[in-house]
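This chain uses plain numbering: 1 for the first residue, then up along the sequence.
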Amino acid sequence: MDQAEWMSEALALAEQAGAAGEIPVGAVIVDRDGQIIGRGSNRRESGDPLGHAELIAIRQAAEVIGDWRLEGTTMVVTLEPCAMCAGALVNARVGRLIFGAFDPKAGFCGSLGNLVQDARLNHRLEVISGVEAEASRKLLQGFFQGLRKRLD
């Protein structure tokens, strides 16, 4: 699998989240061999304040490898991670972050700040942004447009 296939999987997870009434964000964790070892989609609206796609994928990957250290792995997520998820990526020692759309209101991997590359921390990630950004943005815009219509 490659970067495009990984993002395609993350987008499919985001679509599933949106269909379930969750904000459509999907994430996968990929090991050094390019295999997906963790998957997550948002579950916050289901009552879990920590139910972000990234955290779910991190937990699953840690279970698969049997260690909290995810060194050499790659997180692929449809939306720029928030401060909480960025901190989790640093603390889990994820090696690389690939994300789709920037999040100017909550993103902390380049938009509001850049926690994952802060030189003061003991671990930093390589960041690749804008992968399938338009597809990610369209999913989010469609979800929120539908939500506003239902509320009117």
Practice problem: Determine yes or no for a side-chain-to-main-chain donor-acceptor pair under 3.5 angstrom, with W6 supplying the side chain and Q35 the backbone. | Solution: no
(Q) Check for me, please, whether F144 and L79 land in the same ILVMFWY cluster - side-chain distances under 4.5 Å, paths through other members count. (A) yes
Indicate, with yes or no, if L11 and V30 share a hydrophobic cluster defined by side-chain heavy-atom contacts under 4.5 Å among Ile, Leu, Val, Met, Phe, Trp and Tyr.
yes
Less than 3.5 Å apart, any donor N or O on the side chain of T78 or E132 sitting next to an acceptor on the other?
no
Starting from L121, can I reach L70 by hopping between I/L/V/M/F/W/Y residues whose side chains sit under 4.5 Å apart? yes
Hydrophobic clusters here meaning ILVMFWY residues chained together by side-chain heavy-atom distances under 4.5 Å, can you tell me if I128 and V28 are in one?
yes
Query - Any side-chain donor near an acceptor of the partner, R44 and S46, under 3.5 Å - result: no
_Student check: side-chain heavy atoms of F99 and V127 closer than 4.5 Å_ = yes
- Are side-chain heavy atoms of S41 and V25 found at a separation under 4.5 Å? no
CD1 (I98) and CD (Q3) are apart, to the nearest 0.5 Å, by 4.0 Å
Exercise for the section: Take V94 and M75, measure what side chain to side chain contact (heavy atoms under 4.5 Å, CB included) needs, and give me the verdict at the end. Expected result: CA-CA 7 Å; V94 171; M75 162 70 67; 4.2 Å; yes
Smallest heavy-atom separation, S136 atom then G100 atom, equals OG-CA, 4.0 Å
What one should report as the nearest heavy-atom pair of A86 and P81 is N-CB, 4.1 Å
dist I65:CD1 -> T73:OG1 (nearest 0.5 Å) comes out at 7.0 Å
Checking R137 against F102 for the side chain to side chain contact (heavy atoms under 4.5 Å, CB included) test, could you report, in this order, the C-alpha distance in whole Å, the side-chain angles of both residues, the deciding distance, and whether it holds?
CA-CA 9 Å; R137 197 172 13 263; F102 279 93; over 6 Å; no
Residue pair H123 / E71, side-chain heavy-atom distance below 4.5 Å
no
Rounded to the nearest 0.5 angstrom, the CG-NE2 distance for D48 and H52 is 8.5 Å
To the nearest 0.5 Å, atom CD1 of I29 lies from atom CD1 of I58 at 5.0 Å
Between E80 and S111, do the side chains contain an N or O donor and an N or O acceptor separated by less than 3.5 Å?
-> yes
Hey, are E9 and R39 close enough for a salt bridge, meaning a charged N less than 4.0 Å from a carboxylate O?
yes
dist L13:CG -> M7:CE (nearest 0.5 Å) comes out at 11.5 Å
In short, F143 meets G18 closest at the heavy-atom pair CE1-O, 4.0 Å
One should read off an interatomic distance between N91 CG and R69 CZ, to the nearest 0.5 angstrom, of 12.0 Å
**Item:** R43 side chain near I56 side chain, heavy-atom distance below 4.5 Å
**Value:** yes
Taking every heavy atom of G47 against every heavy atom of P49, the minimum-distance pair comes out as O-CD, 3.4 Å
Tightest non-hydrogen contact, residues L115 and V90, listed as O-CG2, 4.0 Å
Practice task
Give a yes or no answer on whether the side chain of E5 reaches the backbone of D2 with a donor-acceptor pair at less than 3.5 Å.
Solution key: yes
Less than 4.5 Å apart, side chain to side chain, heavy atoms only: is that true for C109 and L97? yes
All heavy atoms of E54 vs all of C85, minimum pair found to be OE1-SG, 3.4 Å
